[in-house]
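Note sheet for the following structure.
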Amino acid sequence: MSKIQLKKDTTFIEEFLTNLDNEGPFSSWELFQMNYQAEATSMTPTFNGLRALDYLPHVDFLPHQIQTAKQAVEEMNGRAILADEVGLGKTIEAGLILKEYMIRGLVKKALILVPASLVSQWAKELNEKFYIPAIPYRKSYNWEQVDILISSIDTAKRSPHREQILDINYDFILIDEAHKLKNHKTKNYEFVRALKKKYCLLLTATPVQNRLIEIFNLVSILKPGHLGNYETFLEQYGKDRKNIKQDAYLKQLVQKVMIRNTRKGTELSNTSRNIETVWLDFTEEEKAFYQELDQLTGTFATFTKITLLREICSSREACFLSLKKMADNENANSEIFRSLMSKIEELPNHSKAEKVVEIIQRNSDEKVIIFTEYRATQLYLQWYLQQNNITSVPFRGGFKSGKKDWMKQLFKNHAQVLIATEAGGEGINLQFCNHLINYDLPWNPMRIEQRIGRIHRYGQEKDVHIYNMAIRETVEEHIMNLLYEKIKLFEQVIGNLDMILAELNITDIETELQTIFSESTSTGEAKIKLDNLSSIIKYTHDSTVSEEKQYGN
Amino acid sequence: MAIEHLHDFLQNYFTAHNCELVHNQDGILTVQLTEKMDRALMNRPFYWHYVKSTGFAGEPMKLTLITNPDRRDDKGEWIHFGSPRLQQLFAHLHDNEKFTKLFQKIDTTKKTALYPWLVINIKISYIGKQKRDEIISIGLHLVNGMMKTEMMEYLKTIPLQMTISDYCFTISPLIKVKSGFKRIEAVLENYIENQTYEWADESLKTLNEEIDLLKHFYSDRMDEENLDNKMEQELNEITNRYQPHVLFNVINGGIFYLTDDPTLTIQ
């Protein structure tokens, strides 16, 4: 008994004695009994199990989400790395865990640190789905006042917030996109280590990239010493992540603090992805213009040239705007630009837009989302769809969160099509839509993954249809054939790409591609280089997929 | 004694607060709130402030609650065990229904003595790695010191009211309420001491394991500043998280005047 502290209730009897002295007020038998019943209903009768499920009858949890929450609470005692693949519902798992602790009365004060662009989405999800009164941080708030605050880590780590936050004893800390904390020398890492916390969840889709020490750093936030100390860890495992598969003991240790669900292992794989490449040809007029553009810009920097060619494959407007900008800035070639501009003006509608209308009309009962890289194309498509009696709403990353929600609602309830630019890709969930058109293909395949992740994620009940538009005999054909089809990007690599690129030490594939084009003297040379790049990605993918299975669980 | 039928519970709750049930069918309940309940539940202090300052009576709202999940898309609020509305009603009960003094209702023409009982409903929480609650309802006869558990179950079976029935009289307590409460606490302490502590042992084991890991973690890092502070903080975190403890929390309590009943035997 001595090892267990007993905290008695000292206030009740004092209040009761005063109440008796004052002759009341007394409760009626009905209400007295009801208070007792209410307590008997809300108490937690067993150490194990998830009480939260009884409290959330309106949410359909997937089995792996419930399992993850149970494991994090019962086996990991509330300190865990949640490392599911993108789209399997890490937010849901985290919400369920937080709810469980709140119901059990173990968490009152919580701090949720997420990327700035996701703050309001987290707030919405926690409030609506979990009835957790989480509030986004505003300037007028004091960190002490609000029990459950959501903020970006950048705001939180800045003075004077930093000092206030570090003074607070948090019951629960959650960090989204925790792979950004992999380096222990950064300010962010140091800040997170310094937080006073009881329970702690780190969310990331890519827990291990190329250096094993990164996982050591993440684990040290949760459970310092679990993987030994810094020196011995380096000595034993070095910096190479390949060691993780060689060392069963290390793998086991990591599994004690990390849960990773993959698409393959969960029910989500039931809804499949149908991918269709839609090839089309330019009209004669367009073809003529494309060739002229190709020839006239022959003397320009390869990158400028490629940009213009990609733009004309998207819309006349996108290309026109770039030409205009160049004509205004560059005196030397302004004549060429102006002549090109006047030729663009003579072109009829864009072939690709016509094709898109065809696809949308074929699926006239379905919601469709179109992604384009260019704002000019977005505006043009909006106008063009309207001409064809198709309702659409625009979506951009720059919209304020209120406007984003509004557009999403409009799309859900009133419009058939949502036209999004690249920056709109992150942070909206559109599971009610299962048709996606990649109007132009980004160079960075990671973006494709994010785009698809908007609709093919937890909550999607139908098969997902993806249409990739590409125009024959243009730069799009190269990108499509060499980069996307060769590595079977859509079928296989998605989900692993992050890891593959890290393995190859490619931090930004977009820069990599730009370099290829700008350093190549001819299209032929660029083709060969592209081909090499996709070969190496494919090779790395094949050899890492088997390894992936070796860690996490 | 957990709530079995939420709909009945809500009906009783609003009836006990003198709210009229306007509509009550197929799992949908509409009640006309009183001013008091409107103020307690509807969260519109500015309205009431405004109305009162202009000298009008004000108009309490109607509240529609849906307990039938099949009808949850109807107009009204779907209420279930996790919904904020029910949590609000629970909190309202928790804050307001702590104390009582009640008399057994008897239909008699003979002089009848009523004996005072102190009834305490208490929630015991066992907190180690995880947490578990237990609710105990215990009664103490304030004249002869007899104790009974599951007191609420017994009280459910007899009629109770807030005033004393005709021809009845109360016996004065020999045990003071405060020392009665202490006796109950002592019994509960004894009850806890006689339990097994697997949960606490497990928690202590984890506590010690993690402290060892932590010490090892810091064993080679003498280069960093404030190292002792950081380690101290992390030691505290581990202790807060795993130190086993037991919490007493009184839900409510009261004095009950009851007739002499031979079935109330010593526990």
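In what follows, every heavy atom counts, from backbone to side chain, and hydrogens, waters and symmetry copies are set aside.
Taking the six-membered ring where the residue is Trp, the centroids of Phe172(A) and Tyr199(A) are separated by 6.0 Å or more. For Tyr13(B) and His17(B), the ring centers are positioned less than 6.0 Å apart.
Proximity to chain B (any heavy atom under 4.5 Å) is shown, for Lys8(A), by both the backbone and the side chain. Contacts between Leu118(B) and chain A at a heavy-atom distance below 4.5 Å involve the side chain alone, from C-beta outward. Only the side chain of Tyr242(B) has a heavy atom closer than 4.5 Å to any heavy atom of chain A. The contact between Tyr131(A) and chain B is made entirely by side chain atoms (from C-beta outward), counting heavy-atom distances below 4.5 Å. At a 4.5 Å heavy-atom cutoff, the contact between Arg79(A) and chain B is made by backbone and side-chain atoms alike.
Here Leu17(A) is the residue among Leu227(A), Leu17(A), Asn48(A) with the most heavy-atom pairs under 4.5 Å with chain B. Annotation: maximal heavy-atom pairing with chain A below 4.5 Å, among Ala200(B), Ser125(B), Gly128(B), Gly254(B), occurs at Gly254(B). Counting heavy-atom pairs under 4.5 Å between each of Phe130(A), Phe12(A), Phe32(A) and chain B puts Phe32(A) at the top. Annotation: maximal heavy-atom pairing with chain B below 4.5 Å, among Glu30(A), Glu14(A), Gln33(A), Glu23(A), occurs at Gln33(A). The greatest number of non-hydrogen atom pairs below 4.5 Å with chain A, out of Gln161(B), Lys129(B), Lys182(B), Glu134(B), is found for Lys129(B).
Contacts with chain B (heavy atom to heavy atom, under 4.5 Å) involve these residues of residues 99-109 of chain A, listed by number: Arg104(A), Gly105(A), Leu106(A).
Using a 4.0 Å cut-off between charged nitrogen and carboxylate oxygen, Arg72(B) and Glu77(B) do not count as a salt-bridge pair. A salt bridge links Arg71(B) with Asp74(B): at least one charged nitrogen is closer than 4.0 Å to a carboxylate oxygen. Lys197(A) has no carboxylate O lying under 4.0 Å from a charged side-chain N of Glu234(B), or vice versa, which leaves the two without a salt bridge. In this structure, Glu190(A) does not pair ionically with Lys185(A), as no charged nitrogen and carboxylate oxygen lie closer than 4.0 Å.
With 3.5 Å as the limit, one finds a donor-acceptor pair spanning the side chains of Ser159(A) and Glu163(A). Checked by atom type, the side-chain pair Lys98(B)/Asn35(A) shows no donor-acceptor distance below 3.5 Å.
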Going through the checks in order, is the side-chain contact (heavy atoms from CB on, under 4.5 Å) test met by Ile122(B) and Ile138(B)? CA-CA 8 Å; Ile122(B) 193 162; Ile138(B) 197 161; 5.6 Å; no
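The closest side-chain heavy-atom distance from Pro25(A) to Asn19(A) is below 4.5 Å.
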